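Everything below concerns the one structure shown next.
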Amino acid sequence: MSTVLQAQGITKYFYDPEKFQVLKNIELNVERGQFLSLVGKSGCGKSTLMYVLSTMDTDYEGRLQIAGELLTGKSQNELAKFRNRHIGFVFQFHYLLPEFTVLQNVMIPALKLGDLTTAEIEHRAIEKLHLLGMAEHARKKTNKLSGGQQQRVAIARALINNPDILMGDEPTGNLDSHNSNIVFDIFRELTTVHKQTIIAVTHDEEFARRTDRVVEMSDGKILA
Amino acid sequence: MSARLSSLTLSFTIARVHLFSKPKQTIIAMLGVTFGIGMFIALVGLMTGLNDFTEEITMTSSPDIHIYHDITEARPSILEVVNPTGINLVHNQKPKNETAKLRGAARMIEILRQDSRIQGVAPMITSQVFFNYGPTQLNGQIQGVEILEEDKLFDLKAKMKDGRLEDLLAFHEGIIIGSGLARKLNVKKGDRVVITTPQGFTRTLKIVGIFQIGIGAVDNVRSYANMSMVQTILQQDKSFITDINIKLNDRHQAKIVATELQKNFTYKAEDWETANATFITGVTIRNIITYAVSFTLLIVAGFGIYNILNMTIYNKMKDIAILKAMGFAGKDVRSIFMIQSLVIGLLGGLLGLLVGFTLSSLIAQAPFDGGDVISLDHFPVNFNPKYYLTGIVFGITTTAIAGYMPSRKAAKVDPIEILRGQ
């Protein structure tokens, strides 16, 4: 199995209100197709680590490589372009754009990428919505959906560009157990059937236990 | 649709959805610009219309260059001539007793007529006179002219309300008077008026025509008579000329030519800009007011756009954050909001031009009595497309500046701060 993400010696400080080392020399390799959960107590640095791995946070020391590309030291614009193609995001809240339909929301990252024609993108978006059981809601405005449905649309959006890694920050944190299970099952299916790499930060022990690999953090370090 | 969307087209689509999702807010922001530009067009149309109108009638009533003997001009006292290095105090020095006559006028006219920059030269005699008609006695001015030469300079034929210029040539004892003067004296063509010169000489003249230039200051006092007749009533000889009026091919050279003529002839040569300094100041002040008011209106509209965009961006923080997470660069986010402000500016501006045009058209129809000062029955309004172009450029620039600051803020949003789970 190939390594899709490689983080070496990631160290990060917070400066406000006073200097504080939040990540301490973190080494992490993630294999392609792995379903990895990042767990730990509040303030242990797991979210911070995920945002460093997501390329959105560039204020760190160390070296980050995703899909064979060295990302440390790249400009914000280059990183934005990289995220567009290689990383999909699911957050605690769905963050769908309220003025657009479900289909449009799913299409936006692909329109931004511009590799396909609008018709091809629409076709693929419908496909992704099918995968998540949301195809019949494609023409609805996002605020007409339930919380669980919105989160599934957000997952479809994260998958539209066939990213190398799907990153989740508490992806089930705002859902009831029924919807949490649905989201987990989707993630499970994505990794086993579609070989999708997933890195998810979670508080949910049940969720973490059922993933391929649990990385526990404490005090800015990964516990062995 | 099979075309691939560029980043800008995508930004445009998102901007359009934002604008349409809050139509009230969009319309209010647009109306700010519309109002600003509409008022600018209306104001500028009215102000420049008035300026052009007054400029035109001022130009037709004053020569490009006026040469005369300025007897009130300060001269050095004899004491200063004799004792130039000492400290001389001379109080209350009176002007020298000289006539207003231009010496060597015939020779001057000959030289002037050969100058290629000069289109026309009209010599004349001016004098203050009293007009008597029955018990009415009015102060006025008589100009002894070669009426056809005068016509070449000032297009008097077009200004005649009654009678013909040629009648003055046919009738030696005739006079053409201004419309205001005629009204005050209660006379009409064919009546006779008695004029009295400052030297006390009296003569009865027949009114052969009435003219109206359009400025009260001229129409209420001026009259034209034959040059030889005026020379006679002033008891002067045939060479007596007090003024030379000059029309140039290019009016804007007046200042340069006047300075040159004054040096050559040693008589005062006054260009139209100096003679009409108050008028030109008026034009400048009107322009300043117009632009200051319009600028203020547009700034206010700009603040409106700034506010609304700021609010939109504040409400859309989450959207901006997720767009940036998904791969929108700062400049893509900025263009989403810049497009919104430019669309508001462009549509608001175009609507403003329409409003301005409508207002201008209404003003142009409004009756307006210029009274004795200017003969006007309605407002002169300028519809020059130049001002419409200025308006729209000005409007779009203001909205671009007003939109740029919030847009830049949106581009700088840090997505982590917003997206990070609690």
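Residue numbers start from 1 in every chain, and the chains themselves are labelled A, B, ... in the order their sequence lines are given, proteins ahead of strands. Keep in mind that what you see is a predicted model, and the values were worked out from it rather than measured.
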Honestly, the part of Arg85(A) sitting under 4.5 Å from a heavy atom of chain B is neither
Open item on the list: Can you confirm whether more than 12 heavy atoms, excluding those of Phe82(A), are under 6.0 Å from its CZ atom?
Closed with: yes
* Go through the steps for Gln104(A) and Val17(B) under the test side chain to side chain contact (heavy atoms under 4.5 Å, CB included), then give the verdict. => CA-CA 11 Å; Gln104(A) 286 170 325; Val17(B) 171; 5.6 Å; no
When the 4.5 angstrom heavy-atom criterion is applied to Tyr95(A) and chain B, the contacting part is both
Under the 3.5 angstrom rule, does the side chain of Arg83(A) hit a backbone N or O of Gly327(B) as a donor-acceptor pair?
no
Heavy-atom count check: over 12 atoms from other residues, nucleotides or ligands less than 6.0 Å from Phe14(A) CZ?
yes
CZ of Phe100(A) to NE2 of His18(B), rounded to nearest 0.5 Å, is 5.5 Å
The interface call for Thr48(A) against chain B, heavy-atom contacts under 4.5 Å, is both
Counting only heavy atoms not in Phe35(B), do more than 12 fall under 6.0 Å of its CZ? no
What one should report as the nearest heavy-atom pair of Tyr51(A) and Arg420(B) is OH-CA, 3.3 Å
So, the part of Gln76(A) with a heavy atom under 4.5 Å from chain B: the answer is neither
Subject >> More than 12 heavy atoms of other groups within 6.0 Å of Lys74(A) NZ >> reply: yes
Of all heavy-atom pairs linking Asn77(A) and Gly330(B), the shortest is OD1-N, 4.0 Å
> Does a side-chain heavy-atom distance below 4.5 Å link Leu323(B) with Leu97(A)?
Replying inline: yes
**Prompt:** Counting only heavy atoms not in Phe383(B), do more than 12 sit closer than 6.0 Å to its CZ atom?
**Reply:** yes
Over 12 non-hydrogen atoms of neighbours within 6.0 angstrom of CZ in Phe20(B): no
*Does a sphere of radius 6.0 Å around CD in Glu205(A) hold more than 12 heavy atoms from other residues, nucleotides or ligands, not counting ones at 6.0 Å or beyond?*
no
Of Arg157(A), Lys81(A), Met50(A), the largest count of non-hydrogen pairs under 4.5 angstrom with chain B goes to Arg157(A)
When the 4.5 angstrom heavy-atom criterion is applied to Asp414(B) and chain A, the contacting part is neither
Most contact-rich option vs chain A, by heavy-atom pairs under 4.5 angstrom, among Ala325(B), Ala329(B), Ser21(B), is Ala325(B)
Flag the pair Glu99(A) and Lys316(B) as a salt bridge only when some basic side-chain nitrogen lies within less than 4.0 angstrom of an acidic carboxylate oxygen.
yes
Notebook entry, point to check: Would a 4.5 Å heavy-atom cut-off, applied to side chains only, mark Leu419(B) and Met56(A) as touching?
Noted result: yes
Can you find a pair of side-chain heavy atoms, one from Asp319(B) and one from Pro98(A), that are under 4.5 Å apart? yes
Honestly, the part of Ile14(B) sitting under 4.5 Å from a heavy atom of chain A is both
- Taking C-beta and beyond as the side chain, do Asn84(A) and Phe328(B) meet within less than 4.5 Å on heavy atoms? no
In short, Met326(B) meets Ile108(A) closest at the heavy-atom pair CE-CG2, 4.1 Å
Is the number of heavy atoms from other residues, nucleotides or ligands under 6.0 Å of His123(A) NE2 greater than 12? no
